[in-house]
Each structure stands twice: as structure tokens, then as C-alpha cells.
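What follows is a short report on a single structure.
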Amino acid sequence: MHNHCINKLLNLKDVKIKKIIQADHSIEIHIETEPVVQTCPACGSETKRIHDYRNQKIKDLPFQLKDCYLVLRKRRYICTCGKRFFESYPFLAKYQQRTKRLTMKTADLLRDTVSIKKVAELTNLSTNTVTRILDTISYSCPKLGDSISIDEFKGNAETGKYQCILVDPKKRSILDILPNRTQSHLSAYFRKMNRSERYRVKFFICDMWQPYVDMAQSYFPNAKVIIDKYHFIRQVTWAIENVRKRLQKSMIPSLRKYYKRSHKLILTRYSKLKDENKKACDLMLQYSDDLRLAHKLKEDFYDICQCEQYKKQRLDFLDWIKIAETSGIPEFEKCATTYRHWLKGILNAFKYGLTNGPTEGLNNKIKVLKRTSYGVRNFNRFRTRILHAN
């Protein structure tokens, strides 16, 4: 009964435990199996003749916070044709010195945003072994859905400073990682995709970078191009910030320091400020007519973004652009020109409500992986880790 319980705890089928040796930081479990009829790999005939025995030390899953080793008494059989061969085991792959379940656990740990060195420490393997396990994992690009989101992130891999990420925004899953964001590479990649798949895409979400829009029009002709909400909203934030910075240059040092330290009062939605902060904000706005008008334009724009009726949202946004163009504030005139250029994509963002939010979240996870790994120069391994962790 006692031996049966130990076997059950070890969870290896048809294995006998002969002895267990405990040490401070490791544990050795000596095991063997019952002899069975073997098939000769050379001639195919069956044999039960045992030639000799050899002990093999095999790494297994950590046990009781200690490194675990299985010492297997392996049999070598001999056939009538003269061929000598070892018997096979369900828990041990050929030519390996670790159990299959340890390999599977290592592959599972690689899903976490930890470094390869950390995985090696947890599994009692070398970093080279963990890297070889990572190299056995491969992913291909899945079929495209009705929407696709594209963005770049700073990966600093061997292929370049920036890499590109393709995401399904509805399923919130990564489709693929591309080695760089150059137009020639993107064109070559999209050309390899099935044309019928590309033509089924209804929405193409990107930031305000013209090559992405050009790619969408060339390879996804049936897709509506949507400009990510974050990227066009921050244009207004930048505009009012630049107005404040311009006005600060003409202030006395003490006042300039106050406006710099209190700039969040101007950026925050007025309705979300506490009463005391509203009074402080009102006092700051009294300094300049440009700052008051800029603040009103900012508040009006945020109201438009939160409107749920597309027709009203569209008309109010067009009116807002006209007011900004004639406001006499250079920063908002530039912002209005930008909105006029990207008008179609911004209106699609209002109409369909799709954003690059899932992509930005996945980008953040990639940055965490990159930081914990102290950078990953090999692009193929970097891509595998990102897709494996998805």
C-alpha cells in the first residue's frame, strides 16, 4: 500500500520505485520498469533477451521545492540479428535527459512574462536547454476576421528598432508580429495573404501614419479605415498644452512655475474637478483670452467624443473644426488642419466605435516581456514568445 501511494504521487505509469535519496537541495528517486517483449528496430522481430543494464539520471519536475532527479535503470535488449537497443519509455523522449512533462512545463512557463533565465531556474534546466525548447514552438498567422488592427512597438530586435503587431480587435488576440514597419516589408507580407481573406476585412484600425492607410487602401479595398481614438484625441491635448507653454514664456518666474505645476487643472475635464480646483482653474483661465478659448475648445471636443448619436456627433465635429480654424490660436488651427486631413478615418471611429485599445494593451505586455528579459535580439524567438504568451 505504501509503495502504491508513492507511485501514485510520482504519477508515472508502470514504474517501480526502488529507493529515494534526500539531500538538502535535491531528491533522487531510483526507478525501474518491468521487462516486456520488445520489437527490434532493425529487423522487426520480437525479443525478450536482455543484454545489459545502465543507470540514467533524468531531470523531472521540482518536488517539495527541491530539484528532482529520476535515476532510471534502463535495459538494453539484443536481437537475434545482433542489434542492441534500449527499451522506450512513455515518460522519456529519445536521446533526452529530462522527462516529457518537464519539457511541457517549461513550454508552459514560457507563456509568462518572465525571462528565459528565470524559467531555467524554476525548472532546473540550463538557459540553452530552455532556448532549444522555445525554438521547437512555432506559430503561423491565423485566418483574418472582419477587422484588423495594426500598430508598431519599440522592440529593438535584430531586424530593426521598431516591430509591427497585427491584432484582431474584436477577439483581442494577436494575429502576427512583423520584423519591421517599412512599407516594402508590409507590402510583401500582405501580398502573401489570401486575397479572399483580405477582401473580407471590413475594418482596418491604425494610427495617424499615412503608410498604414496606403496599405489598407491597396490590400484591404473593402475595409473602412478607422483612426484610433487615442491618437486623434491627444492632438487637442497637445494643442492646449502648447498654448499654455507659449503663454508661460511671457509670465514672471513665480507665475510660470505655478502654471507648470498646475497644468493638470487645465487638462482635466472641468466637470470632474472638485470645487476648490474649479476655482483655481477659473483663476488660471483669466490670465489670457487664448487660454480661455483653448479650454472651451477642449471641453467642447471632449463632449463631442462622448456623444452617442453619430449624426449629431458628425455635425458638431465639423462645426468644431470650423471654429478652431477661425479661432486665431495657431495651435488649434494646426489641430483643425490635421483633423480635416484625417476626417474620414475619424468619422469612422465615431460611427463604428472600434479602437486600438486591445492593441495598446498587448503592446504594454510586450514591453513588460522585453524589460524582464533585458531585451531579445533574436526576432524569431521574440515573435514566438509574444505569440506564445498571447
Side-chain angles (χ1 to χ4, degrees), residues 138-232 235 338-349 352 354-367 369-370 376-390:
S138 62
Y139 289 92
S140 58
C141 182
K143 288 187 177 181
L144 298 177
D146 66 347
S147 56
I148 185 172
S149 172
I150 188 169
D151 199 10
E152 71 278 346
F153 62 91
K154 190 177 179 182
N156 281 330
E158 61 190 357
T159 54
K161 187 175 182 180
Y162 290 97
Q163 281 67 54
C164 211
I165 180 172
L166 298 179
V167 175
D168 187 324
K170 291 185 177 179
K171 294 181 179 178
R172 297 173 178 266
S173 60
I174 300 175
L175 295 172
D176 207 352
I177 303 294
L178 310 185
N180 60 63
R181 62 172 183 172
T182 59
Q183 199 162 3
S184 59
H185 180 83
L186 292 174
S187 296
Y189 179 82
F190 288 134
R191 267 198 302 270
K192 292 177 183 177
M193 285 185 172
N194 189 287
R195 181 178 292 182
S196 60
E197 277 190 45
R198 289 192 279 111
Y199 282 25
R200 281 200 302 269
V201 175
K202 296 178 182 178
F203 305 107
F204 187 95
I205 308 162
C206 62
D207 56 24
M208 301 166 83
W209 198 49
Q210 192 60 45
Y212 287 157
V213 179
D214 295 340
M215 289 295 105
Q217 292 170 348
S218 299
Y219 297 101
F220 303 93
N222 299 328
K224 303 281 187 183
V225 176
I226 298 175
I227 301 300
D228 178 47
K229 187 176 282 188
Y230 164 76
H231 288 89
F232 68 78
Q235 297 290 326
T338 303
Y339 284 166
R340 186 74 72 180
H341 177 74
W342 297 97
L343 183 62
K344 193 174 180 181
I346 294 171
L347 290 177
N348 284 338
Y352 300 107
L354 292 172
T355 70
N356 249 0
T359 309
E360 297 296 343
L362 292 165
N363 275 351
N364 185 57
K365 191 174 181 180
I366 292 170
K367 289 173 186 175
L369 174 62
K370 177 190 163 189
V376 183
R377 292 293 294 169
N378 187 301
F379 170 74
N380 290 328
R381 288 172 185 161
F382 194 26
R383 174 183 177 273
T384 301
R385 287 224 56 190
I386 293 168
L387 295 175
H388 194 53
N390 182 29

So how far is it from [X] [atom1] to [Y] [atom2], rounded to the nearest 0.5 Å?
X: K161; Y: R181; atom1: NZ; atom2: CZ; answer: 9.0 Å
X: N348; Y: L343; atom1: CG; atom2: CG; answer: 9.5 Å
X: T359; Y: N364; atom1: OG1; atom2: CG; answer: 12.5 Å
X: I177; Y: R385; atom1: CD1; atom2: CZ; answer: 13.5 Å
X: L369; Y: H388; atom1: CG; atom2: NE2; answer: 11.5 Å
X: R383; Y: N378; atom1: CZ; atom2: CG; answer: 12.0 Å

Does atom OH of Y230 have more than 12 heavy-atom neighbours from other groups under 6.0 Å away? no

Are more than 12 heavy atoms, taken from residues, nucleotides or ligands other than K170, located less than 6.0 Å from that residue's NZ atom?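 More than 12 heavy atoms, drawn from other residues, nucleotides or ligands, come within 6.0 Å of this atom.
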
Side-chain contact, heavy-atom cut-off 4.5 Å: [X] with [Y]?
X: N390; Y: S173; value: yes
X: W342; Y: V213; value: yes
X: L387; Y: D176; value: yes
X: V201; Y: S147; value: no

Pair M193, L144 - check side chain to side chain contact (heavy atoms under 4.5 Å, CB included), show working. CA-CA 9 Å; M193 285 185 172; L144 298 177; 3.6 Å; yes

If we ignore hydrogens and angles and just use 3.5 Å, is the side chain of Y339 paired with the main-chain N or O of F232 as donor and acceptor?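 Yes, Y339 side chain to F232 backbone: donor-acceptor pair under 3.5 Å.
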
Any donor-acceptor N/O pair, K171 side chain to G145 backbone, under 3.5 Å: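 No, K171 side chain to G145 backbone: no donor-acceptor pair under 3.5 Å.
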
How close do [X] and [Y] get, counting heavy atoms only, and between which atoms?
X: L166; Y: Y189; result: CD1-CE2, 3.5 Å
X: Q163; Y: N156; result: OE1-N, 3.4 Å
X: K143; Y: L175; result: O-CD2, 4.3 Å
X: F190; Y: R198; result: O-NE, 3.1 Å
X: R172; Y: L362; result: O-CD1, 4.4 Å
X: A157; Y: R377; result: O-NH1, 3.5 Å

Considering only distance and modelled atom types, tabulate donor-acceptor pairs under 3.5 Å from the side chains of residues 219-229, sequence neighbours left out.
residue	atom	partner	partner atom	Å
Y219	OH	R191	NH1	3.2
N222	ND2	Y199	O	2.9
D228	OD1	N356	N	2.7
D228	OD2	H231	ND1	2.9

Any residue meeting side-chain contact (heavy atoms from CB on, under 4.5 Å) with P211, in chain and number order, not counting sequence neighbours: Q183, W209

Start with the C-alpha distance between F153 and I386, add both sets of side-chain angles, then the distance that settles side chain to side chain contact (heavy atoms under 4.5 Å, CB included), and finish with yes or no. CA-CA 12 Å; F153 62 91; I386 293 168; 4.1 Å; yes

As a quick check of understanding, evaluate side chain to side chain contact (heavy atoms under 4.5 Å, CB included) for M215 and S187, giving each step before the final call. CA-CA 7 Å; M215 289 295 105; S187 296; 3.1 Å; yes

Begin with the C-alpha distance, continue with both residues' side-chain angles, and end with the deciding distance and a verdict on side chain to side chain contact (heavy atoms under 4.5 Å, CB included) for Q217 and F204. CA-CA 9 Å; Q217 292 170 348; F204 187 95; over 6 Å; no

